Amino acid sequence: MKFKAKCLSLPLTLALLGAALAACRLQMPREPVKKQGFHMGTIISQEVYGESADKAADEVMKEIARLEAEMTVTKPGSEIERLNQMAGRGTVKLGPDSFYVLKTAVRYGEMSGGSFDVTVGPLVKTWGFFTGKARVPAPDEIRRLLSLVDYRDILLDEKKLLAGLAREGQAVDLGGIAKGYAGDVAVGIYKRHGIKSACLNIGGNVVALGSKPDGSPWRIGIQDPRGEKGSYVGVVKVVDKAVVTSGDYERFIEPEKGGKRYHHILDPATGYPADSGLISATIIADSSIEADALSTSVFILGLDKGMKLIESLNGVEAVLVTKDKKVYITGGLKESFTASGEKKGYEYIEKG
Amino acid sequence: MSILKKGDLLLAAAIALIALAVSWSFKVFGNGDTARIAVIKQKGRVIRRIDLDRVTGSETFELKGDYPQLIQVEKGRIRVAEAGCPDQVCVETGWLTKRGDAAVCVPNGTIIEIEGEKSEVDDATY
């Protein structure tokens, strides 16, 4: 056998490299189907493996759009919009999805002692987040609207799928839980199509189905709340988990340029953006709706109460970042969490 | 301009540029902290796995097949040194050093890759 040595020009080398890459793509088994779309006021991206990946990804995207149409309060005609309009006047019939989400929201209201409260709707509206007309409301306006916030005023009739709000002026906003539910619905669709490996990202809510096709866990970066987009305080390895973060850095208003910032997660106790000492709360759980509701709850509750809530639940882990750059990690993440912010001044503390 | 000639300056500039490029590539493509395992597959079957960080010296071995390939391994890197195939794509790929790097020979049905993805994460929560 003889080997030929060759001397090639740079352009030819580059061309061959390109060909090598193309060949690599052909040879690698099971390239994922990747799809992106804009729904629920955010970007959705999917990476799906398997024979029906294309079909499943399309169906997931359609389903998320449908759920948005049912639950949004920013576009007219949704089921939740009708519920709000009928506040204090009667009940409305909901679809099974909206009903389930509302029922689950009430459960997390109880669990969090009212820190998670979807009846914060009137306040969200008056702050005007995401409307382009955001402003800081007057204190007495906040006080007046605060009296309308109480998840215990949500009336539910499970048999008839009827829901109502006890008092006029009350309004539900599912912004802290609907994306989470969409994640669970997506997992159901993937499974129905026989998909064993997929990663879905709904505006930062990550849902990892199974492991990666090579059997290794998905590596999910947790955004550094004070760093550039795409820089992480740590990376968590997950299989069949939802990973959801609530933070003060992602969506906020800044009434005066360079002035005080007001983030969008309102504390139902004060009517102002939550100021619990946490700047980011990441929850890792089996279900995405649970992770979504809990990340908001814990972000509002703060470190001590939040940790207590997490520790009272089975199979729920958390990464909590405080204002003074301490990162608290629950014990169950010992093996799967890798810190990556030491050089940026973060200090890591294991809890429980 | 008596001591330094134009050529010297050019050379110095070139060296500085290369140094910059190398340090930048380390930053961007840094090897991270996990091992680099080279996996050699032929027709879908794993032929051999090599922990590149534990290699000492230089080793070469032949991958048999329709178009035999000569594989060379050194500490932290692996390449197809020579190949009997007509296209030479795998040879031209050069040294593989980073996770996610791969050299493919379609005619011989082989893939040599360093395990792992190029980026540090698969997705991100925010």
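Keep in mind the model is a prediction, meaning the values are calculated, not measured. Here is the naming used below: chain letters follow the sequence lines, and residue numbers restart at 1 for every chain.
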- Using non-hydrogen atoms and a limit below 4.5 Å, what part of residues 202-210 of chain A faces chain B? Gly203(A), Gly204(A), Val206(A)

- Task: Test Asp248(A) against every option in Arg226(A), Arg261(A), His264(A) by the side-chain hydrogen bond (donor to acceptor under 3.5 Å, both in side chains) rule and name the one that passes.
- Result: Arg226(A)

- Message: Does Asn108(B) form a side-chain hydrogen bond (donor to acceptor under 3.5 Å, both in side chains) with Thr110(B)? I'd like the steps, not just the answer.
- Response: CA-CA 6 Å; Asn108(B) 208 26; Thr110(B) 60; 4.7 Å; no

- Task: Please confirm whether Arg48(B) makes a cation-pi placement over Phe61(B), using NZ or CZ under 6.0 Å from the six-membered ring centre and within 45° of the ring normal.
- Result: yes

- Message: So for Val244(A), is it side chain, backbone, both, or neither that comes closer than 4.5 Å to the heavy atoms of chain B?
- Response: backbone

- Tell me, out of Gly94(B), Ala103(B), Ala81(B), Ala124(B), who's got the most heavy-atom pairs with chain A below 4.5 Å. Ala124(B)

- Message: Regarding Glu113(B) and Lys41(B), does a basic nitrogen lie under 4.0 Å from an acidic carboxylate oxygen?
- Response: yes

Without placing hydrogens or testing angles, list every side-chain donor-acceptor pair under 3.5 Å for residues 283-291 of chain A, not counting sequence neighbours.
unit_1: Asp286(A); atom_1: OD1; unit_2: Lys241(A); atom_2: NZ; d: 2.6
unit_1: Ser287(A); atom_1: OG; unit_2: Glu290(A); atom_2: N; d: 3.1
unit_1: Ser288(A); atom_1: OG; unit_2: Gly180(A); atom_2: O; d: 2.5

- Under 3.5 Å, side chain of Glu317(A) to main-chain N/O of Gly332(A), donor-acceptor pair present? yes

- For the pair Asp224(A) and Lys344(A), find out whether any cationic side-chain nitrogen is under 4.0 Å from an anionic carboxylate oxygen. yes

